[in-house]
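Protein chains get the first letters and strands the later ones, always in sequence-line order, with residue 1 at the start of each.
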There are 2 protein chains.
Amino acid sequence: MLTDRQLLVLKVIVDDFIDTAQPVGSRNIAKKEQISFSPATIRNEMADLEDLGYLEKTHSSSGRIPSEKGYRYYVDNIMSPLQLSRGEVHRIRQSFSERMIELERVMQNSAHILSELTRYTTLVLGPQVYETKLKQLQIVPINQQSAIAILITDTGHVEHRSFAIPAELEHADLEKTVNILNEKLSGVPIVYLSQFIETEVKHLLQKYTNDFQKSYQLLNQALFTEQPTNLYVSGKTNILMQPEFADIDKVRSLFQIMESEDQIAPILKSEDEGLHIYIGRENKIEEMNNCTLITTTYSLGENQVGTIALLGPTRMDYAKAVSILDIWSGQMTKQLQKWFNEQ
Amino acid sequence: MLTDRQLLVLKVIVDDFIDTAQPVGSRNIAKKEQISFSPATIRNEMADLEDLGYLEKTHSSSGRIPSEKGYRYYVDNIMSPLQLSRGEVHRIRQSFSERMIELERVMQNSAHILSELTRYTTLVLGPQVYETKLKQLQIVPINQQSAIAILITDTGHVEHRSFAIPAELEHADLEKTVNILNEKLSGVPIVYLSQFIETEVKHLLQKYTNDFQKSYQLLNQALFTEQPTNLYVSGKTNILMQPEFADIDKVRSLFQIMESEDQIAPILKSEDEGLHIYIGRENKIEEMNNCTLITTTYSLGENQVGTIALLGPTRMDYAKAVSILDIWSGQMTKQLQKWFNEQ
DNA sequence: GTTAGCACTCAGTTGTTTCGAGTGCTAATT
DNA sequence: AATTAGCACTCGAAACAACTGAGTGCTAAC
């Protein structure tokens, strides 16, 4: 267990390093008002903290920087949640003020605002697709050859896709197909759609339409295209502002990671809900080993869970980042509950 | 006027520098097969080319690099269009294979493919909004409180917006309003919409709906929101691969420019159609002064013109970039014509 | 237990030297 | 008259030494 003075020294070092990105020396610590003892004393304490693994030196006669363990301790035991400014809280609230029908807009907007407030990179992962259900399907003809399908899921995902109407499909068949689809498919989980169509819809189409082949083709074009993107990244450029990314190679590899949803999505999906902090090598992606990732979840309905995360250097303003995520996820969950009940 | 030999030397230097990003010395030039004279001769030619302003030295005893004037001469008089590989042409063609209903998808897809093929950054600017006309409007109710409006313009822009249905609006009124809107608004240029509504639609609504206020509110919510994004950027990360952007500060300022549509859009809108090359300081943005921007236009209907551009270092593979843009814009214009006539 | 004092360490900066790729000029060659 | 070999010269880059200063650890005094 650390003494009070060790705690204080550790806190001052972490705070200072978060601020300046420079190793902290005993002399500078002694200058702070909170500190009432001499550099020599601090040096002794620092030596002890280093032995315990909370601090590191960049070289034998440098000041100290926090180790990953040091950050961990700071985050778990020292850090006090920051009181956000009224303006900051307002901005977060604001992003929920529009009527929420499309979850996408809210997520995109949130990503933008959070990355502006924190100056870190924001990653938002939408709710898991395998749980979402089709709520409504509309097919709007545009002209003789084409139509637009509008899909709305119970998670507020709205999507339009345009597609060609199979040539020579009779108008009556088109109408019937749409009716059948609309009636039968609402409430069906997206992942079971194709299976469900085989077992429940196919025979109806065969029975009620004149040209089954064409109707079936229509249906497939309307419903099955690529999966919608589920990951929103905002503020990538903020990474460039951090001195730890002065090296272009690091930026390059990190940017490449962030461009592929496949690599990012798994690490955002944490096992359990709530706030998680992954400091340095605690996350599994090598290119991110000098970063910290703070994730938190928001929930929509029963099991539907999405994730929002902030990515910054390990030397991150933890207090602020955590406070902002907390407020956001609280607001988000509240809003979603309200919205979910309304439906 | 340059002699044939000067032309050859200039070409070899530009080609070599495009390839290696290193100043080119007389010795290395002499080694090339195309060259049948000694380093000393080349040195004399290089000195002349430098006097004429086509070449530069990085320091007094370095090899030569092309000046902006040198690139300009190369582009205007020396460069021969590159024969693209079958695979490359195929990839470009492919991006037009889907049925085109939504211009957005095509643009996004094109941006992606071109930045992959060239390894530069691609910027696509959609057709000017002030010329586009509303082609069709559909309002699809989702539940008691909300509906989705689908707007389709004659340029193939498809957009959906969700909005709240004003409380207590009668269903009959909703239907009537939609009908009136659909009937009256198609073909109206977007920018005149609000004016047109005042003069042509307002009195109809007053006449045929019970609660004019509510209907009018509905209409405004459905039609007037932010302007859709018109600029698609792809392959920003490619910039990081260029050795001229090893300096993080340059990357930073360039990325910041590219994030704001306001700054990029004006330089993409060139006065006249066809291909344009802006080498170095020929473009007006200071942060882009060591870049080359190659733009070309595509047209849709009569006056509707969009722009696509490739952004890379001044040391760009001009021949390839130009060929690729040429092919793309040809395909695009052809497809759009076909599509436009069909409608 | 705390702190002043001091020797020691090491990154970073500055100055010096060396190396080599490249030039420009002159004189010899074709 | 055009080309080329030869050579002195230039200058960036790399390698190395000297110097500086912020910082440490240890010891002895307070």
Side-chain angles (χ1 to χ4, degrees), chain A residues 1-10 12-17 19-67 70 243-244 246-247, chain B residues 1-10 12-17 19-67 70 243-244 246-247:
Chain A
M1 195 47 206
L2 299 185
T3 66
D4 281 356
R5 197 165 64 190
Q6 284 173 326
L7 231 65
L8 177 61
V9 171
L10 181 55
V12 169
I13 291 176
V14 175
D15 284 339
D16 194 76
F17 187 69
D19 202 41
T20 64
Q22 295 298 321
V24 191
S26 54
R27 225 161 179 295
N28 281 311
I29 297 177
K31 278 183 203 144
K32 315 240 165 193
E33 332 163 341
Q34 325 148 47
I35 302 294
S36 55
F37 25 90
S38 75
T41 312
I42 294 165
R43 281 203 289 281
N44 290 330
E45 297 289 18
M46 289 201 295
D48 290 351
L49 285 168
E50 189 179 352
D51 287 344
L52 292 167
Y54 297 112
L55 296 179
E56 281 172 358
K57 289 192 257 193
T58 58
H59 59 90
S60 76
S61 72
S62 75
R64 302 304 207 289
I65 61 171
S67 65
E244 23 275 280
D247 177 13
Chain B
M1 196 45 207
L2 298 185
T3 66
D4 281 355
R5 197 165 64 190
Q6 284 173 326
L7 231 63
L8 177 61
V9 171
L10 182 54
V12 169
I13 291 177
V14 175
D15 284 338
D16 195 75
F17 187 69
D19 202 41
T20 65
Q22 295 297 321
V24 190
S26 55
R27 227 162 178 295
N28 281 310
I29 297 176
K31 278 182 205 145
K32 313 241 166 196
E33 334 164 337
Q34 324 148 49
I35 302 293
S36 54
F37 25 89
S38 75
T41 313
I42 294 165
R43 282 203 288 281
N44 291 330
E45 298 289 19
M46 289 201 295
D48 291 350
L49 285 168
E50 189 179 352
D51 287 344
L52 293 168
Y54 297 112
L55 294 180
E56 283 172 357
K57 288 193 258 192
T58 59
H59 60 89
S60 76
S61 73
S62 76
R64 302 304 207 289
I65 62 172
S67 67
E244 23 276 281
D247 176 13

Give, ordered by number, those residues of residues 42-52 of chain B having at least one heavy-atom distance below 4.0 Å to an atom of DNA chain C; if nothing qualifies, reply none.
B:Arg43, B:Met46

How long is the line joining CD1 of A:Ile13 and C1' of D:dT24, in whole Å?
13 Å

Would you give me the side-chain donor-acceptor pairs under 3.5 Å for residues 22-32 of chain A, sequence neighbours excluded?
unit_1, atom_1, unit_2, atom_2, d
A:Ser26, OG, A:Arg43, NH1, 3.2
A:Lys32, NZ, A:Asp16, OD1, 2.7

In residues 22-32 of chain B, which residues come under 4.0 Å of DNA chain C by heavy atom?
B:Gly25, B:Ser26, B:Asn28

Name the residue closer to the 5' end of DNA chain D, choosing between B:Ala40 and B:His59 according to the nucleotide with the nearest heavy atom.
B:Ala40

Return the 5'-most residue of the pair B:Pro39, A:Gly63 with respect to DNA chain D, ranking by each residue's nearest nucleotide.
B:Pro39

For the CE atom of B:Met1 and the CG atom of B:Leu52, what is their distance to the nearest 0.5 Å?
11.5 Å

When rounded to the nearest 0.5 angstrom, what is the spacing between CD in A:Gln6 and OH in A:Tyr54?
9.0 Å

Rounded distance in Å - CD (A:Glu56) to C1' (D:dT24):
16 Å

Measure across A:Leu55 and A:Glu50 and return the closest heavy-atom pair with its distance rounded to 0.1 Å.
O-CG, 3.5 Å

Between A:Thr41 and A:Phe37 (side chain of the first, backbone of the second, donor and acceptor by atom type, cut-off under 3.5 Å), is there such a pair?
no

Would one find a side-chain N or O of B:Thr41 under 4.0 angstrom from OP1 or OP2 of D:dT4?
yes

Just N and O in the side chain of A:Lys57: are any of them under 4.0 Å from OP1 or OP2 of D:dG25?
yes

Which distance, rounded to the nearest 0.5 Å, do you find between the CG of B:Leu2 and the CG of B:Asp48?
10.0 Å

Do any side-chain nitrogens or oxygens of B:Ser60 fall under 4.0 Å of OP1 or OP2 in D:dC11?
yes

For A:Ile13 and A:Arg64, which heavy atoms make the closest approach, and how far apart are they?
CG2-O, 4.1 Å

Do A:Ser61 and C:dT9 have a side chain to base donor-acceptor pair shorter than 3.5 Å?
yes

Under-4.0 Å side-chain N/O to phosphate OP1/OP2 contact, A:Ser38 with C:dT3
yes

Whole Å only: how far is the CG atom of B:Asp16 from the C1' atom of C:dA21?
14 Å

Between A:Pro66 and A:Glu56, what is the shortest heavy-atom contact and its length?
O-OE1, 4.5 Å

For residues B:Gln34 and B:Leu8, report the shortest heavy-atom separation together with the two atoms involved.
O-CD2, 3.9 Å

Counting just side-chain N and O atoms, does B:Arg64 come under 4.0 Å of either OP1 or OP2 of C:dG24?
yes

